[in-house]
Amino acid sequence: MMSITLAIANQIDRIVPNATIYTEKIEQMFEEPSFYVYEINTTSKDEIMDQQIRKHMYCVTFFPDSKNEAIGIKEQCENMRNNLLDEFLFLDDLSIKLLDREAKTGQEELVFTFVVKYRVRKVEAVSKIQTLEQTGGLKRG
């Protein structure tokens with residue numbers, strides 16, 4: 001199965017082509033504008049028939065171009081917020097809808113959080129029938 005983080009990065013790239021997307025924390029010297037994708041937490045709730053509901057909360061942080069004098073940081077964040085709210089609804093690679101989407105504009109960044117929720121079932125190895133022997137005959141024959 002494809003990583004959810006990778007599916008998120010692929011979806012952002014579809015919305016903002018050629019965007020710089022980080023999935024690992026970079027201490028310094030990262031490019032602007034860019035996105036940083038990371039998972040906040042994961043929960044798993046057991047259900048009947050050996051099924052689970054898994055819920056992952058993710059955060060996508062957008063860092064605008066601080067050197068762009070034509071468009072200010074706040075305006076870049078507002079434009080990206082609207083773009084993500086309008087277009088970032090679904091992960092095409094995994095066929096999963098994003099839930100509980102929320103965007104907050106900070107001092108120099110946009111923080112976009114959402115939930116990915118899906119059901120999993122434990123797959124047990126079942127041995128297949130290798131041979132079948134049958135005994136029988138005709139009744140009263």
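- Taking a 4.5 Å side-chain heavy-atom cut-off between Ile, Leu, Val, Met, Phe, Trp and Tyr, the cluster of Ile48 extends to Met49.
- Taking OG1 of Thr23 as the reference point, atom OH of Tyr36 lies at 8.5 Å (rounded to 0.5 Å).
- Interatomic distance, Asp50 CG to Arg121 CZ, rounded to the nearest 0.5 Å: 9.0 Å.
- Judged by distance alone, with hydrogens and angles left aside, the side-chain atoms of Gln76 form a donor-acceptor pair with the main-chain N or O of Asp65 at under 3.5 Å.
- Distance check, rounded to the nearest 0.5 Å: CD of Glu102 to CG of Leu85 gives 10.0 Å.
- Remark: side-chain polar atoms of Asp13 are paired, donor with acceptor, to backbone N or O of Asn18 under 3.5 angstrom.
- As a member of the Ile/Leu/Val/Met/Phe/Trp/Tyr network built from side-chain separations under 4.5 Å, Val111 groups with nothing else and remains a singleton.
- Panel note: side chain Tyr22, backbone Tyr38; no donor-acceptor pair is recorded below 3.5 Å.
- With hydrogens and angles disregarded, no donor-acceptor distance shorter than 3.5 Å links the side chain of Gln52 to the backbone of Ser44.
- Taking the six-membered ring where the residue is Trp, Phe62 and Phe35 present tilted rings, their angle falling between 30° and 60°.
- Counted within 6.0 Å of CD on Glu31, heavy atoms from surrounding residues, nucleotides or ligands total 12 or fewer; the atom is thus considered open.
- Here the rule is side chain to side chain donor-acceptor pair (under 3.5 Å) with Tyr118, and of Lys55, His56, Arg54 only His56 fits it.
- Between the side chain of Lys74 and the main chain of Gly106, a donor-acceptor pair closer than 3.5 Å is present.
- A donor-acceptor contact shorter than 3.5 Å is absent between the side chain of Gln51 and the backbone of Arg119.
- In this structure, CE on Met57 lies 10.0 Å from OG1 on Thr43, to the nearest 0.5 angstrom.
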Step-by-step side-chain contact (heavy atoms from CB on, under 4.5 Å) determination, Arg14 to Asp93: CA-CA 11 Å; Arg14 287 183 191 98; Asp93 293 343; 2.6 Å; yes
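- The CG atom of Asn10 lies 9.5 Å from the CG atom of Leu91; values are rounded to the nearest 0.5 Å.
- In summary, of the residues considered (Val60, Thr105, Val16, Ile15), a side-chain contact (heavy atoms from CB on, under 4.5 Å) with Met80 occurs for Val16 alone.
- Between Phe88 and Phe112, the two ring planes are tilted [angle within 30° to 60°].
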